[in-house]
Amino acid sequence: MAKKIGILAIHGDVAEHAAILRKLKLDSVEVRTKKDFKNLDGLILPGGESTTISKLAERFGLIAEIKKFAKSRKPILGTCAGLILLAKIGLLDAKVERNAYGRQLDSFEADLKIPIISKGPISVAFIRAPKILSTGKVVEVLAKFEKVPVLIRQKNILAASFHPEILGTTSIHKFIFLNAK
Ligand code: GLN
């Protein structure tokens, strides 16, 4: 049976993540309530507006569920606002600054070297991205852009300041959810 990956679907780029999961033949489930966490094999916290996502997630009682899920050691992928949320709720030992790469108009694409995932470069998009200012000891830096960490891992949690889902690469989702390259 295909693995079931939940996507926190309060706001943000849920459809784009679902499309990548489909390409990998993984099932996706939109997560909006506590009961949606049942039987998930992995979880995605997508990009969007982190203040909106965290306020609504709190109101719907989902922050506690995300924390519980993280303890289960199942894989979690947080992208952009998802990374901000993970740091904010204490699941990721990192200091991040919101919007530190500039405004919407300053959004850009980049070809990243991520040796643990791929020999060749991976094209991704930075959209009003947060900057990772520092990371704790338990955090591994898997990729940097202009000397700044942009992809980090803390045990079962992978977090990116960019969007891997927009330009169509499946490699990052494959790495975290299928444990494969
Ligand atoms: N700028 C957004 C925030 O601070 C994040 C942007 C994104 O997720 N693309 O919440």
Side-chain angles (χ1 to χ4, degrees), residues 5-21 23 28-32 42-63 65-67 69-70 75-112 114 117 121-136 139 141-146 148-154 157-173 175-177:
I5 309 300
I7 308 174
L8 186 67
I10 295 176
H11 151 83
D13 51 349
V14 176
E16 291 82 353
H17 278 287
I20 300 290
L21 295 176
K23 280 199 208 171
S28 63
V29 179
E30 295 194 354
V31 172
R32 291 196 188 85
L43 179 66
I44 295 176
L45 306 178
E49 202 50 50
S50 58
T51 44
T52 307
I53 296 174
S54 68
K55 255 188 222 152
L56 293 176
E58 186 70 62
R59 191 178 305 162
F60 303 150
L62 303 181
I63 299 290
E65 293 302 312
I66 295 170
K67 287 185 178 171
F69 190 83
I76 298 181
L77 172 64
T79 59
C80 206
L83 175 151
I84 298 170
L85 181 65
L86 285 165
K88 187 172 167 189
I89 64 178
L91 290 177
L92 194 61
D93 189 4
K95 239 194 223 144
V96 298
E97 186 187 343
R98 293 181 57 205
N99 303 326
Y101 288 94
R103 309 194 309 171
Q104 192 80 15
L105 283 174
D106 303 312
S107 298
F108 59 95
E109 296 175 12
D111 292 329
L112 298 180
I114 315 178
I117 296 182
I122 299 176
S123 303
V124 301
F126 287 77
I127 303 169
R128 290 204 305 131
K131 206 168 252 183
I132 300 170
L133 302 178
S134 63
T135 54
V139 173
V141 174
L142 303 185
K144 287 185 179 181
F145 176 71
E146 293 177 343
V148 177
V150 290
L151 181 68
I152 58 179
R153 178 167 67 177
Q154 181 169 338
I157 299 176
L158 185 66
S161 50
F162 53 85
H163 288 261
E165 74 287 2
I166 287 179
L167 299 179
T169 181
T170 51
S171 53
I172 286 165
H173 294 69
F175 174 70
I176 178 85
F177 296 122

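Residue indices begin at 1 and follow the sequence shown. Whatever order the structure lists them in is the order used to number ligands and atoms, beginning at 1.
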Strictly by modelled atom types, are Ser54 and Lys88 linked by a side-chain donor-acceptor pair under 3.5 Å? yes

Taking only heavy atoms of Ser50 into account, list the atoms of ligand 1 that are under 4.0 Å away from them. 3 (C), 4 (O), 10 (O)

For Arg128, is at least one N or O under 3.5 Å away from an N or O on ligand 1? yes

Check: Phe108 ring centroid to Phe162 ring centroid under 6.0 Å: no

Who gets closest to atom 2 (C) of ligand 1 by heavy atom: Gly48, Ala100, Ser54? Gly48

Show the atoms of ligand 1 that are less than 4.0 angstrom away from any heavy atom in Asn99. 1 (N), 2 (C), 4 (O)

With rounding to the nearest 0.5 Å, note down the distance linking CZ in Arg98 to CZ in Arg128. 7.0 Å

Short list, please: which atoms of ligand 1 are under 4.0 Å from a heavy atom of Gly47? 8 (O)

Using a 4.0 Å cutoff against the non-hydrogen atoms of Ile84, which atoms of ligand 1 qualify? 3 (C), 4 (O), 10 (O)

If you measure every N/O of Ile127 against every N/O of ligand 1, is any gap under 3.5 Å? yes

Closest non-hydrogen protein atom to atom 7 (C) of ligand 1, residue and atom name please, with distance? Cys80 SG, 2.7 Å

Within the structure provided, determine whether Thr52 and Ile10 are in side-chain contact (heavy-atom separation under 4.5 Å). no

Any heavy-atom pair between the side chains of Val31 and Ile7 that's under 4.5 Å? no

Run the side chain to side chain contact (heavy atoms under 4.5 Å, CB included) test on Ile132 and Val141 for me, step by step, so that the C-alpha distance in whole Å, both residues' side-chain angles and the decisive distance to 0.1 Å come before the verdict. CA-CA 10 Å; Ile132 300 170; Val141 174; over 6 Å; no

Select one of side chain, backbone, both or neither to describe which atoms of Arg98 lie under 4.0 Å from any atom of ligand 1, heavy atoms only. side chain

His163 neighbourhood, listing ligand 1 atoms whose heavy-atom distance to it stays under 4.0 Å: 7 (C), 8 (O), 9 (N)

Do NZ/NE/NH1/NH2 and the carboxylate oxygens of Glu49 and Lys55 come within less than 4.0 Å? no

